[in-house]
> 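Take this structure first; my questions come after.
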Amino acid sequence: MDSPGFTASLVAGGVAGASVDLILFPLDTIKTRLQSPQGFNKAGGFRGIYAGVPSTAVGSFPNAAMFFLTYEYVKCLLHTDSASHFRPVKHMLAASAGEVIPFSLVQFPLWESLKALWSWQRGHVVDSWQSAVCGAFAGGCAAAVTTPLDVAKTRIMLAKAGSSTAVGNVLSAMHAVWRAQGLAGLFAGVFPRMAAISMGGFIFLGAYDQTRSLLLEVGKKSP
């Protein structure tokens, strides 16, 4: 990857990360409270849903910047032909290099595949808003699939110190939720999570593509 590509990925990733956190932080707070074992109202309800937004947005800029820099660099290292069956694996490896979580392993290969399909149908590379639509769909699918893991993570975070759940075993936490609440418990908050992450995917990946394209265009025009 050339120097302008490095800079564009770094800055665009930071802008995308800060943008999505500023806009969607309240929805994530509501989702977390819906998954709380105390119940939504006792966990805080709609009170203080904007608390901590500025610090979160500031922190997300470098994290998202480094994620996309790593993601694009690994994709470049693992360059394959556009028709290769290895492409989804390449995107999974690139996503896992940037952030090793199951969500990214679902979202990014799906996002790239949807963009490639839409580009093939239209005969040219998709626009930024079309990339954003692909990001929204990919994010919603990944959110639905990984909701049980998110529920387990939330229960571990909110567990009382010294309890079996507080140990941090995700499978054990999921099993405890299954025993107590069944499938409904494992997918608690799935629709707010899907809505939030779909919107997040639209903003995050759309803003990234748009910002990166603008920066690369400016880089080409610069002497």
Side-chain angles (χ1 to χ4, degrees), residues 1-25 28 53-82 84 86-101 103-140 142 196-223:
M1 188 184 296
D2 57 8
S3 180
F6 270 119
T7 304
S9 296
L10 192 70
V11 176
V15 169
S19 298
V20 76
D21 274 341
L22 283 170
I23 296 170
L24 299 181
F25 183 89
D28 187 62
V53 169
S55 59
T56 299
V58 170
S60 69
F61 188 98
N63 289 337
M66 290 307 301
F67 170 81
F68 273 110
L69 177 62
T70 305
Y71 179 70
E72 295 291 351
Y73 183 65
V74 174
K75 279 200 323 182
C76 182
L77 289 178
L78 300 174
H79 177 71
T80 58
D81 183 77
S82 60
S84 172
F86 181 68
R87 290 182 74 235
V89 177
K90 176 183 74 171
H91 297 141
M92 289 178 71
L93 290 172
S96 65
E99 187 176 16
V100 186
I101 57 171
F103 181 86
S104 295
L105 298 183
V106 177
Q107 183 189 31
F108 278 82
L110 184 55
W111 174 54
E112 297 281 9
S113 297
L114 289 171
K115 286 197 300 178
L117 178 61
W118 203 342
S119 297
W120 174 75
Q121 289 180 331
R122 292 178 59 84
H124 60 79
V125 176
V126 294
D127 298 327
S128 294
W129 73 266
Q130 293 166 329
S131 175
V133 171
C134 294
F137 186 82
I197 293 180
S198 290
M199 286 190 287
F202 185 91
I203 298 166
F204 187 54
L205 297 175
Y208 172 73
D209 259 7
Q210 179 65 35
T211 306
R212 188 171 188 272
S213 297
L214 288 174
L215 291 173
L216 289 175
E217 189 63 31
V218 170
K220 289 178 182 178
K221 293 179 181 179
S222 299

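Please read all numbers here as calculations on a predicted model, not as lab measurements.
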> Rounded to the nearest 0.5 Å, what separation is found between the NZ atom of Lys115 and the CG atom of Asp209?
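Going from NZ on Lys115 over to CG on Asp209, the span is 4.5 Å.
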> Using 30° and 60° as the class boundaries, would you call the ring planes of Tyr71 and Phe68 parallel, tilted or perpendicular?
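Taking Phe68 first and then Tyr71, their aromatic rings stand perpendicular (interplane angle over 60°).
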> Scan Asp127, Leu114, Val126 and name whichever one has a side chain to side chain contact (heavy atoms under 4.5 Å, CB included) with Ser119.
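Of Asp127, Leu114, Val126, side chain to side chain contact (heavy atoms under 4.5 Å, CB included) with Ser119 is met by Val126 alone.
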> Measuring from Trp129:CH2 to Cys134:SG, what's the distance to the nearest 0.5 Å?
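Going from CH2 on Trp129 over to SG on Cys134, the span is 9.0 Å.
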> Between Ser104 and Pro109, which heavy-atom pair has the shortest distance, and what is it?
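In terms of heavy atoms, the two residues are closest at O-CD, 3.6 Å.
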> Stepwise, does the side-chain hydrogen bond (donor to acceptor under 3.5 Å, both in side chains) test hold for Trp118 with Ser131?
CA-CA 9 Å; Trp118 203 342; Ser131 175; over 6 Å; no
> About how many Å separate CZ of Arg212 and CD of Glu217, when rounded to the nearest 0.5 Å?
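Answer rounded to 0.5 Å: 12.5 Å.
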> Measuring from atom CD1 of Ile203 to atom CD1 of Ile197, what distance do you get when rounded to the nearest 0.5 angstrom?
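Answer rounded to 0.5 Å: 12.5 Å.
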> At what distance, to the nearest 0.5 angstrom, does CG of Leu215 lie from CD of Gln210?
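If we round to the nearest 0.5 Å, Leu215:CG and Gln210:CD are 10.0 Å apart.
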> Can you name the nearest heavy-atom pair linking Ala64 to Gly17, along with the distance?
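Scanning both residues, the minimum pair turns out to be CB-CA, 3.6 Å.
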> Under the side chain to side chain contact (heavy atoms under 4.5 Å, CB included) test against Tyr208, which residue among Ser128, Ser19, Ser9, Ser213 passes?
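Only match with Tyr208 under side chain to side chain contact (heavy atoms under 4.5 Å, CB included): Ser9.
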> Would you indicate whether Phe61, at its atom CZ, is surrounded by more than 12 heavy atoms from other residues, nucleotides or ligands within a distance under 6.0 Å?
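Buried by this count: over 12 neighbours within 6.0 Å.
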> Provide the closest heavy-atom pair for Ser198 versus Gly140 in the form atom of the first, atom of the second, distance.
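Closest approach of Ser198 to Gly140, heavy atoms only: OG-CA, 3.2 Å.
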> List the atom of Val15, the atom of Thr211, and the distance in Å for their closest heavy-atom pair.
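The answer is CG1-OG1, 3.9 Å.
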> Where is the tightest heavy-atom contact between Phe204 and Val20, given as atom of each residue plus distance?
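Answer, listing the atom of Phe204 first, then Val20: CD1-CG1, 4.0 Å.
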> Nearest 0.5 Å please: distance from the OG1 atom of Thr7 over to the CG atom of Leu69.
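With rounding to 0.5 Å, OG1 (Thr7) is 9.0 Å from CG (Leu69).
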> Tell me the closest heavy-atom pair linking Phe103 and Ala142, and the distance in Å.
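Closest pair (atom of Phe103, atom of Ala142, distance): CE1-CB, 3.4 Å.
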